[in-house]
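Right, one structure below, let's go through it.
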Amino acid sequence: AQSVTQLDSQVPVFEEAPVELRCNYSSSVSVYLFWYVQYPNQGLQLLLKYLSGSTLVKGINGFEAEFNKSQTSFHLRKPSVHISDTAEYFCAVSDPRVQGAQKLVFGQGTRLTINP
Amino acid sequence: DAGITQSPRHKVTETGTPVTLRCHQTENHRYMYWYRQDPGHGLRLIHYSYGVKDTDKGEVSDGYSVSRSKTEDFLLTLESATSSQTSVYFCAISESMTAIDGYTFGSGTRLTVV
């Protein structure tokens, strides 16, 4: 079964600095990969997804992620963060080979805190 | 999200009592999911549904049951609540089996079992 590891539980960053949130998944076979953001007391919103094709994926709010098959990674990046980016971020994976409903498997989450 | 609502938003219940959480969607999506969110564990799948009366277990299904009698409603029941079931519960929906667009999530239900 697929699994996802988010290597940092908390990441503090100063405003306008770059940030990278790390995500590794367990399988080297083809996968679908997602990043979600959860603002306080809200549900999860889709930031971006990788299905196939270009390894650099751009999402909403200036975020992007790079798929690296050899390292089984899907790290999320933003060149300059804002206070409003303070949230929890979840990486998720699904296996398109599985028959039936595609179930997303989530990582443990990374809490991003932006300091002024 | 306007297309998916969870009720109640907050609930405090006593150990041993039954509890039912409701997920209601207006998107007519076939696939519905219940997850629980706990610190350090991210989101873990409890049960999911792939159509009316069609449900299956996820990775943490013990102590939970579900029902789906209509496309729009997916109910999660804790038959006899325990303190270990204190958590935030999220419902999610997906239009396609392959979930290539990801899921759409509700706002969550915060359940406290005392």
Side-chain angles (χ1 to χ4, degrees), chain A residues 1-10 21-26 30-53 57 59-60 65 74 87-111, chain B residues 1-7 9-10 23-25 29-51 54-61 66 68 74 87-110:
Chain A
Q2 292 281 358
S3 66
V4 177
T5 301
Q6 292 183 239
L7 299 163
D8 306 294
S9 59
Q10 297 186 63
L21 306 184
R22 297 181 292 168
C23 171
N24 285 91
Y25 60 95
S26 59
S30 63
V31 293
Y32 294 156
L33 292 157
F34 306 84
W35 274 100
Y36 282 84
V37 59
Q38 183 183 31
Y39 299 106
N41 299 313
Q42 294 187 25
L44 280 72
Q45 301 175 30
L46 183 64
L47 265 181
L48 49 78
K49 62 183 179 183
Y50 172 80
L51 305 179
S52 65
V57 178
I60 62 172
F74 189 55
E88 189 151 20
Y89 293 79
F90 292 94
C91 182
V93 64
S94 70
D95 185 345
R97 302 168 303 159
V98 170
Q99 295 298 312
Q102 293 294 309
K103 298 171 283 293
L104 292 188
V105 176
F106 286 84
Q108 301 89 333
T110 297
R111 184 169 299 277
Chain B
D1 192 282
I4 177 171
T5 55
Q6 293 184 233
S7 59
R9 289 296 311 274
H10 303 273
C23 177
H24 178 77
Q25 59 144 331
H29 287 180
R30 179 178 175 186
Y31 301 92
M32 300 185 75
Y33 306 82
W34 276 108
Y35 283 83
R36 60 178 289 174
Q37 182 182 17
D38 303 289
H41 293 278
L43 280 78
R44 293 178 290 175
L45 182 65
I46 306 171
H47 281 280
Y48 64 99
S49 170
Y50 47 96
D54 291 323
T55 65
D56 206 348
K57 297 178 179 180
E59 64 175 309
V60 291
S61 60
V66 290
R68 191 168 177 201
F74 191 32
S87 186
V88 181
Y89 292 86
F90 285 99
C91 177
I93 59 175
S94 172
E95 183 174 17
S96 71
M97 181 177 70
T98 57
I100 59 173
D101 292 321
Y103 296 167
T104 300
F105 282 85
S107 299
T109 294
R110 184 174 296 275

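Per chain, numbering begins at 1; letters A, B, ... match sequence-line order. Quick caveat: nothing in here was measured; it's all calculated off a predicted structure.
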Looking only at Gln108(A), Gln42(A), Lys103(A), Arg111(A), the option with the highest number of non-hydrogen pairs under 4.5 Å against chain B is Lys103(A)
Test salt bridge (Lys or Arg N to Asp or Glu O under 4.0 Å) applied to Asp101(B) - qualifying residues, sequence neighbours left out = Lys49(A)
Which answer fits Leu43(B), side chain, backbone, both or neither, if we ask what part of it has an atom under 4.5 Å from a heavy atom of chain A?
-> both
Excluding sequence neighbours, so at least two apart, what forms salt bridge (Lys or Arg N to Asp or Glu O under 4.0 Å) with Arg44(B)?
-> Asp38(B)
Please look at Gln45(A) and chain B and tell me whether the side chain, the backbone, both or neither of the residue comes under 4.5 angstrom of a heavy atom of that chain.
-> neither
Could you look at Leu51(A) and say if it's the side chain, the backbone, both or neither that has a heavy atom under 4.5 Å from chain B?
-> side chain
Part of Tyr103(B) within contact of chain A (heavy atom distance under 4.5 Å) = both
Structural part of Arg30(B) lying under 4.5 Å from a heavy atom of chain A | neither
Part of Leu46(A) lying under 4.5 Å from any heavy atom of chain B | side chain
Side-chain contact test, heavy atoms from C-beta onward, threshold under 4.5 Å: evaluate it for Ser94(A) versus Gln2(A) and give yes or no.
-> no
Just wondering, do Ser7(B) and His24(B) contact through their side chains at under 4.5 Å, heavy atoms?
-> no
Run the numbers on Arg22(A) and Asp8(A) for salt bridge (charged side-chain N to carboxylate O under 4.0 Å, His left out), then give the verdict.
-> CA-CA 7 Å; Arg22(A) 297 181 292 168; Asp8(A) 306 294; 3.0 Å; yes
Go through the atoms of Gln37(B) and report whether side chain, backbone, both or neither lie under 4.5 Å from a heavy atom of chain A.
-> side chain
By a 4.5 Å heavy-atom criterion (distance strictly below it), what part of Gln6(A) contacts chain B: side chain, backbone, both, or neither?
-> neither
The interface call for Asn41(A) against chain B, heavy-atom contacts under 4.5 Å, is both
According to the interplanar angle, ranging from 0 to 90°, do the rings of Phe74(B) and Trp34(B) count as parallel (below 30°), tilted (30 to 60°) or perpendicular (above 60°)?
-> tilted
Applying the side-chain contact (heavy atoms from CB on, under 4.5 Å) test to Phe74(A), which of Leu21(A), Val93(A), Leu48(A) qualifies?
-> Leu48(A)
